[in-house]
Amino acid sequence: MQSEAVGYRHTQHVGLLLIDHPPVNVLGAAVRASLAHGLQAALADDAVQVIVIASTGKAFCAGADIAEFNAPMKEPTLQDVFAAIEAASKPVVAAMHGVALGGGLELALACHYRVASRDAKLGLPEITLGVIPGAGGTQRLPRIIGAVAAFDMIVGGTPVDATTARHLGLIDALIQGDLMEGAHQFAEQLLRRGAGPRPTRDRSVDLTGFNPAGVAAVLEKHSRALKGRTTQQLVIEALSAAIQPNFDAGLAMERRLADYSLSTTESRALRHLFFAAQEFKKLGGASGGSFELIGPRMMDAYASESERLMQEGATPEQVDSAMETFGFSAGPARSQKTPASTNGVERRAIDAAEIMERCVLQLINMGARLLEEGVALRAADIDVLWAQSYGFPRYLGGPMFYAGTLGLAHVRQRLEYYRLRLQDDRWTPALLIERLARRGETFEQWDSERRAPEPAHLR
Ligand SMILES: C/C=C/C(=O)SCCNC(=O)CCNC(=O)[C@H](O)C(C)(C)COP(=O)(O)OP(=O)(O)OC[C@H]1O[C@@H](n2cnc3c(N)ncnc32)[C@H](O)[C@@H]1OP(=O)(O)O
């Protein structure tokens, strides 16, 4: 039975598996099953001596289906399919165009040869989602381009272009003209040379420069993006497993580390922002005409609190340093147009922890008020806005997601504490916070309960 997600046909000795799953050929359950099925067909076809895997549309493959991340992957898993490709008795060539990302590149790494067109962009962006490549990427990439270059690509997360990929040895040929024609010629050349399968798992890892100094240099290169992050440590552990000779043990270790990475708050926060940003883009700024009010009103609450802290005796440097430690790209005092006058204020040391807590609680409380008023329609929109435009640390998922990780009961209690201590109504918990705290819910749950984009009101 021929399935739709991956087509199979052959021309002379070359069998072609063509992934056709718009818009970006994500490797969901149906595609994986279809790819495995197509591979069996090509291997069983006596006329076929070389197999090419390519895709239709704008991209070779955008990777695993992120929407499937919250449940165990249905069989055949990516690991199953890639193991079958690598073990194939006929040489398998990946022919890439557009992006080959995450599981998409891991698919190519499991093939015996790789070619790409000039527009190709190849990368393992998993770290931007707080996870490590979990379908062989940490084990196969170092066997192809060496341990240090693999570490750089995995912790950097940025795709490389086709020319760089060629220099790294990630692809065997850069196709100048038509990709399908070029891939076909490449396959014919393999046949003429009598080249057989070349399983990546059988290759050894080039360890040149993979020592503490080399690792530190790569971490330093990406230090801005890695600030506050922990996933890079898991990448180091997975690569350390790759340099052991037992490939299957390395794969098993990668699997355990990848599963663990999926469970971290860092990963949940980053995936939350990925989907929230997609939704946001689709609806063109989901909170409609009121959207431009959200940023400034929250900024006002946040900046006013930082000013009050300075009036109470904190220095601007202390406030900035605390908020930068929290993870903001720049502290609030530094970015204020008219710095608050603190002349004559008696300096008193205020704990960095108190500065962070007060500024962030004010942000959360104002965000909740804007949701109550219907100025913001979804908490996730606020998160995207603050992560994209106001320097809120992405790995905390935005202020409203972060409130959920603290627990709304805790948020309510701390607001109440400051209301009593500072005798100031601005600390009165928003009714929405009261309600969520009572129910033990998060803003994410509140968002998902509200299907239609209608003005928010308290039920
Ligand atoms: C073990 C393996 C792990 C992994 O593989 S982790 C996943 C690694 N991959 C990624 O992180 C890639 C994420 N996607 C992107 O960066 C972009 O997308 C592209 C560069 C691939 C394409 O960008 P553009 O041309 O602007 O299209 P678009 O509107 O972003 O995407 C079209 C639709 O495709 C969905 N989508 C894209 N990638 C994935 C994915 N990996 N899993 C699930 N869905 C994905 C989007 O959400 C959207 O959907 P809608 O049209 O409904 O808004």
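When a ligand or atom number is given, it counts from 1 through the structure's own listing order. Given the structure is predicted, the values throughout are model-derived calculations rather than measurements.
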Atoms in ligand 1 flagged as close to [X], the criterion being non-hydrogen separation under 4.0 Å:
X: Asp65; result: 42 (N), 43 (C)
X: Leu101; result: 12 (C)
X: Glu106; result: 1 (C), 2 (C)
X: Pro125; result: 8 (C), 9 (N), 10 (C), 11 (O)
X: Gly134; result: 1 (C)
X: Gly63; result: 5 (O)
X: Ala64; result: 2 (C), 3 (C), 4 (C), 5 (O), 40 (C), 41 (N), 42 (N)
X: Glu126; result: 2 (C), 3 (C), 4 (C), 5 (O), 6 (S)

Exercise. Asp206 and Arg143: salt bridge (Lys or Arg N to Asp or Glu O under 4.0 Å), yes or no, with the steps?
Worked result: CA-CA 7 Å; Asp206 179 353; Arg143 285 179 161 76; over 6 Å; no
Where the side chain of [X] meets the backbone of [Y], is there a donor-acceptor pair that is under 3.5 Å apart?
X: Glu441; Y: Leu436; result: no
X: Glu106; Y: Leu124; result: no
X: Asp20; Y: Thr56; result: no
X: Asp172; Y: Val115; result: no

Shortest protein heavy-atom distance from [atom], along with the residue and atom involved:
atom: atom 29 (O) of ligand 1; answer: Lys281 NZ, 3.7 Å
atom: atom 48 (C) of ligand 1; answer: Gln278 OE1, 3.5 Å
atom: atom 27 (O) of ligand 1; answer: Lys58 NZ, 3.5 Å
atom: atom 33 (C) of ligand 1; answer: Pro23 CG, 3.6 Å
atom: atom 50 (P) of ligand 1; answer: Lys282 NZ, 4.0 Å
atom: atom 22 (C) of ligand 1; answer: Val24 CG1, 4.1 Å
atom: atom 39 (C) of ligand 1; answer: Val26 CG2, 3.6 Å
atom: atom 6 (S) of ligand 1; answer: Phe69 CZ, 3.6 Å

Closer than 4.0 angstrom, basic N to acidic O: yes or no for [X] and [Y]?
X: Glu266; Y: Arg229; answer: yes
X: Glu86; Y: Arg198; answer: no
X: Glu68; Y: Lys74; answer: no

For the residue pair [X] and [Y], what are the closest heavy atoms and their distance?
X: Leu43; Y: Lys90; result: O-NZ, 3.0 Å
X: Ile132; Y: Ser261; result: N-OG, 3.3 Å
X: Ala258; Y: Pro133; result: CB-O, 4.5 Å
X: Leu105; Y: Ala100; result: CB-O, 3.6 Å

Exercise. Can Glu68 be said to touch ligand 1, with heavy atoms closer than 4.0 Å?
Worked result: no
Exercise. Is Phe274 near ligand 1, meaning one of its heavy atoms is under 4.0 Å from it?
Worked result: yes
Problem set entry | Phe401 vs His272, ring pair (Phe, Tyr, Trp, His ring centres under 6.0 Å): CA-CA, chis, key distance, verdict | CA-CA 8 Å; Phe401 181 90; His272 161 72; 4.8 Å; yes
For this session: Please indicate whether any nitrogen or oxygen in Ile66 is less than 3.5 Å from any nitrogen or oxygen in ligand 1.
Result: yes
Exercise. Nearest non-hydrogen atom to atom 9 (N) of ligand 1 belongs to which of Cys61, Gly102, Gly103, Ala62?
Worked result: Ala62
Exercise. Where does Glu279 meet ligand 1, judged by heavy-atom distances below 4.0 Å: at the side chain, the backbone, both, or neither?
Worked result: neither
Exercise. Once the angle between the rings of Trp386 and Phe328 is folded into 0 to 90°, is it parallel (under 30°), tilted (30 to 60°) or perpendicular (over 60°)?
Worked result: perpendicular
For this session: Could you tell me whether atom 43 (C) of ligand 1 has at least one protein heavy atom nearer than 4.0 Å?
Result: yes
Problem set entry | Non-hydrogen protein atom less than 4.0 angstrom from atom 19 (C) of ligand 1 | no
